[in-house]
Amino acid sequence: MIRTHEAGELRASDAGHQVTLAGWVARRRDHGGVVFIDLRDASGVAQVVLREEDLAHDLRAEFCVRVTGEVRRRPAGNENPELPTGDIEVSAGEIEVLSESAPLPFPVEGGGELNEDVRLRYRYLDIRRAEVAHGLRVRSRAAYLTADVMRAHRFVQVETPYLTRSTPEGARDFLVPVRLRPGNWYALPQSPQLFKQLLMVGGIERYYQLARCFRDEDFRADRQPEFTQIDIEMSFVSREDVLELAEELVGRLWSEIVGYQVPRPIPQMTYADAMSRFGSDKPDLRFGCELTDMTGYFAETGFGVFQAPHVGAVVMPGGAAQSRRELDGWQEWARSRGARGLAYVLLDAEGNVSSSGPVARHLSEAERSGLADAVGARSGDCVFFAAGTPAAARSLLGAARLEIGNRCGLIDRSAWAFTWVVDAPMFEEDGSGGWTAVHHPFTAPLPEWADKFPDSPESALADAYDIVCNGNEIGGGSIRIHRADMQRKVFDVIGLSAQEATSQFGFLLEAFKYGPPPHGGIAFGWDRVMALLAGRDTIRDVIAFPKAASGLDPLTGAPTPITPAQRREAGIDATPTPS
RNA sequence: GGUCCUGUAGAGCAGUUCGGAGUGCUCGCCACCCUGUCAAGGUGGAGGUCGCGGGUUCAAAUCCCGUCGGGACCGCCA
């Protein structure tokens, strides 16, 4: 090593020692006769003092330097209690510039908001900044912790292929041309789902992997075209076994990284409860404001808008004080989400329904007088309503609830609220009279639905579970189907013929002929978990080299066009020869 | 595929509503001064295709149309 010590580890006990440090010039404070340099390396920062001006004169921010000198206690009164190394400084005898830095495109020190594209274009400088550096270190610690937990339970870590077969369901695949088979294409895996089930057939019994997944879909703040899952699959287990392992992992991560003891067991609610109480399959339980079902209350109403299959309500505490402009803003907000609007009534100081607003005058006296009690609202509150199909109304109110939580400051930003959401439907309507799998077609029904799901697919429930933290789905999984007859029935429900099933999933069905064990598993959205643990709003801050929201990488310029020669060689335009 | 926000000096912003000389702020950069700072301080200076193209106008950062980049959301993401 070209250094003897790391800057962030020096303490008063090192005083008197001659040390050599190597790192970057974080800050320079030039007083003429005396110059202070904050020398930063991966371990932290230490102050270097120079009295010979020529040593320091040409140093600039982010120069990479080596410093040799003596560690000394700072003069009395000059200690800096803000810094771990604040009791000492290094009196430089020699400074060597290992490499110079051009003027910076943005400040490395000092934090502050920056545009994403300039951060990504100079990602290596962004990584020097404390926020991203912290995020990457959190991520690394979490990976080690996960390995600890999984190894303690004798899980086998297996790497599955990145070059695999395109499957028609789910997200769009990223495709890779194959030079040796012109016109044929690999797909990058959307997840290792099928491979991990094959590993169970293979008798591995306990599998886990930090798996990179690829989906060619549009972006969100919490989505990247390539992302990471902690992928887990276990044989001979029931749902409870999977949940227990997942809770141990989550408990370990939260306790060791943010010092929070996750209460266990993590509470469970059914999907049906989550939708009716919170209007979401990933409820944020850091605050209340639960939805109220008002369908019965308005069963006889004369108000046309409320003559709907479902009427729901959510209360905005203190919302009656909103200006007309703000209330109109909610209508705009609702329309931007595809709703026709968001009906509301205001409660006056006496707790009575105010006659102002476009809805109140359509309600009968009886409807108005009992309303506050029916929705649990108090004087000064605003009550929002949505009417329509249960799904649409609840979805709108669920989104309104989150908006209320944010606008009214009801969310405790330091809180952690975990829940399992279990028993999701197996199927949903596909919009053209048929059914499609909510999760994936290998998800087993709950035991009580094992025989009857084909007869009432609209209400059949799956043995599936999602883990939710602060309104984020951080993981999900299910017990899988392991019997060919049941799998056949699921394919029947979703309209997949034997021929289609064979052509799409034939290799899995073939494998399941050879004594497949009962099995189930879970996968965590690792990037989102890391963002939560690192306290960041976007997963881009916990990914070393993320793509911008356009899918482009401002650092490398990828993706790029290819040359005609590359195009020919890759066989992109070739017609596949029948095999 | 759709909606919204945004683009002004190396960085972060104000100026755009209601057109009038690139007008300004903070940081950074360059030079000089300065012996105890830790966001050091002081003096002076440099730095601009107001994203790009077109239009309206005597006159456009500002208004209109188009386009590109960044961000958020809806759809999508088994």
Side-chain angles (χ1 to χ4, degrees), chain A residues 26-39 45-53 56-57 60-62 74-83 85-86 89 91 101-122 125-126 167-173 190-191 193-194 213-225 227 332-339 395-396 399 402-403 424 426-428 430-431 435-443 462 464 473 476 478 490 494 496 504-505 525 537-538 540 547-552 554:
Chain A
R27 283 207 159 89
R28 187 178 60 126
R29 294 177 293 279
D30 186 345
H31 291 239
V34 60
V35 179
F36 301 97
I37 300 291
D38 288 340
L39 185 79
V45 175
Q47 175 166 285
V48 176
V49 188
L50 302 103
R51 292 186 187 278
E52 311 244 356
E53 191 181 345
H57 183 74
R60 292 292 183 271
E62 299 304 318
R74 295 196 187 183
N78 283 298
E79 301 87 353
N80 185 346
E82 308 276 305
L83 300 177
T85 61
E89 62 195 9
S91 180
S101 171
L104 299 166
F106 55 80
V108 168
E109 293 287 327
E113 292 301 307
L114 292 172
N115 282 334
E116 289 278 340
D117 62 333
V118 71
R119 287 180 59 191
L120 294 183
R121 189 155 61 245
Y122 300 95
L125 293 178
D126 198 26
T167 51
E169 278 199 86
R172 269 184 290 275
D173 288 321
Q190 298 176 22
S191 82
Q193 179 64 35
L194 300 177
C213 307
F214 306 86
R215 292 180 190 172
D216 185 9
E217 294 294 340
D218 290 355
F219 279 70
R220 285 287 192 287
D222 59 352
R223 258 190 250 162
Q224 286 271 301
F227 60 97
E332 193 53 42
W333 173 88
R335 277 192 291 274
S336 77
R337 305 186 65 86
S395 162
L396 180 64
L402 289 179
E403 194 69 23
M426 286 186 79
F427 306 105
E428 60 191 350
D430 66 1
W435 297 96
T436 181
V438 168
H439 196 47
H440 57 61
F442 315 109
T443 302
E473 184 197 321
S478 63
V490 169
I494 64 175
L496 199 67
Q504 293 173 17
F505 307 111
D537 289 332
T538 160
R540 289 190 294 269
K547 271 79 176 167
S550 57
L552 311 182

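Chain identifiers are assigned alphabetically (A, B, ...) following the order of the sequence lines, protein sequences preceding nucleic acid strands; residue numbering begins at 1 within each chain. Keep in mind that what you see is a predicted model, and the values were worked out from it rather than measured.
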May I ask which nucleotide in the shown strands pairs with [N], Watson-Crick or G-U wobble, both distances under 3.5 Å?
N: B:C25; answer: B:G12
N: B:C77; answer: none
N: B:G66; answer: B:C52

Close N or O pairs between protein and nucleotides 24-26 of chain B (under 3.5 Å):
none

What is the distance from CD of A:Gln190 to P of B:C77, rounded to the nearest Å?
->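 Computing the A:Gln190:CD to B:C77:P distance gives 10 Å.
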Protein-nucleotide distance (A:Arg121, atom CZ; B:G7, atom C1'), rounded to Å | 13 Å
Under 4.0 Å, heavy atoms only, any strand: does [X] hit a base, just the sugar-phosphate, or nothing?
X: A:Glu403; answer: nothing
X: A:Arg60; answer: sugar-phosphate
X: A:Gln193; answer: base
X: A:Val438; answer: sugar-phosphate
X: A:Glu332; answer: nothing

Would you mind building the protein contact string for nucleotides 66-73 of chain B? One character per nucleotide, 5' to 3', B for base within reach (heavy atoms under 4.0 Å), S for sugar-phosphate only, - for untouched.
-> ----SSSS
Below 3.5 Å is the cut-off: list the nitrogen or oxygen pairs between protein and nucleotides 41-45 of chain B, distance only.
none

A:Arg119 with A:Asp126: basic N within carboxylate O range, under 4.0 Å | yes
